[in-house]
Amino acid sequence: MGSRSSRAAVIPDVDSIRRETGFSQACLLRLHHRFRALDRNKKGYLSRMDLQQIGALAVNPLGDRIIDSFFPDGSLQVDFSGFVRVLAHFRPIEEEDTGMRDPKQPEPLNSRMNKLRFAFQLYDLDRDGKISRQEMLQVLRLMVGVQVTEEQLESIADRTVQEADEDGDGAVSFLEFAKSLEKMNIEQKMSIRILK
């Protein structure tokens, strides 16, 4: 058997991926193994269909929206580095991550602001930079299904947008979204276990 470092050599650009995502070499090896297992046809990339094999996404009401985040700009495939970049948003923020960061370096993918941006894009279905009442309603329908009446959903969507909409334009901007979630601990909610 080879050593961990020799196995890491099979991951293209492993050092830059590690710096960008904050994942340890051991975690990247596990993710690479998971990536290869999902890539059943050994294409070197994943499609939507490959990601739909992930059980946790299949049962998540926002699973399709999360899968969409792997394919920005309408691309049809994601390579390993794109795969781990998305997953890095779910990596817990560790104490050393919040310490003295070089301001010249980009903000970590798992920073509070990047987690908020990721969550925002799950709601901003048309990607116009705003969450409209209709988009809020669509996401609520996905999340609660038939457990709540349409009238109740509309009331919740109206109230949610109204409470967050500080500039009165009838939609929620990213800044308004971030402010409304400030009271919640979004980092804990978005730090899920990505390896099972």
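Note: hydrogens, waters and symmetry copies are ignored here, and every other heavy atom, side chains too, is used.
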Parallel, tilted or perpendicular: ring planes of Phe80 versus Phe83, cut at 30 and 60 degrees |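 Tilted: the ring planes of Phe80 and Phe83 meet at 30° to 60°.
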
Is it true that [X] and [Y] make a salt bridge, defined as a side-chain N closer than 4.0 Å to a carboxylate O?
X	Y	value
Asp167	Lys130	yes
Arg127	Asp124	no
Asp15	Arg18	yes

Would the number of heavy atoms belonging to other residues, nucleotides or ligands and lying under 6.0 Å from CD of Glu154 be above 12?
-> yes

CZ of Arg40: more than 12 outside heavy atoms within 6.0 angstrom?
-> no

Sort out for me which residue in Val84, Thr21, Ile11 forms a side-chain contact (heavy atoms from CB on, under 4.5 Å) with Leu31.
-> Val84

Pairing residues for Phe174 by the ring pair (Phe, Tyr, Trp, His ring centres under 6.0 Å) criterion, not counting sequence neighbours |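 Only Phe120 meet the ring pair (Phe, Tyr, Trp, His ring centres under 6.0 Å) criterion with Phe174.
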
Non-neighbouring partners of Tyr123 that pass ring pair (Phe, Tyr, Trp, His ring centres under 6.0 Å), sequence neighbours left out =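 Tyr123: ring pair (Phe, Tyr, Trp, His ring centres under 6.0 Å) contacts with Phe177.
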
Taking the side chain as every heavy atom from C-beta outward, state whether Lys43 and Asp50 have any atom pair closer than 4.5 Å.
->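 Side chain of Lys43 against side chain of Asp50, heavy atoms only: contact under 4.5 Å found.
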
Check: Glu150 and Arg141 side chains under 4.5 Å, non-hydrogen atoms = yes

Strictly by modelled atom types, are Ser155 and Asp158 linked by a side-chain donor-acceptor pair under 3.5 Å?
->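 Checked: Ser155/Asp158 side chains show no N/O donor-acceptor pair below 3.5 Å.
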
With distance as the sole test, does Asn114 use its side chain to make a donor-acceptor pair with the main-chain N or O of Pro108 at under 3.5 Å?
-> yes

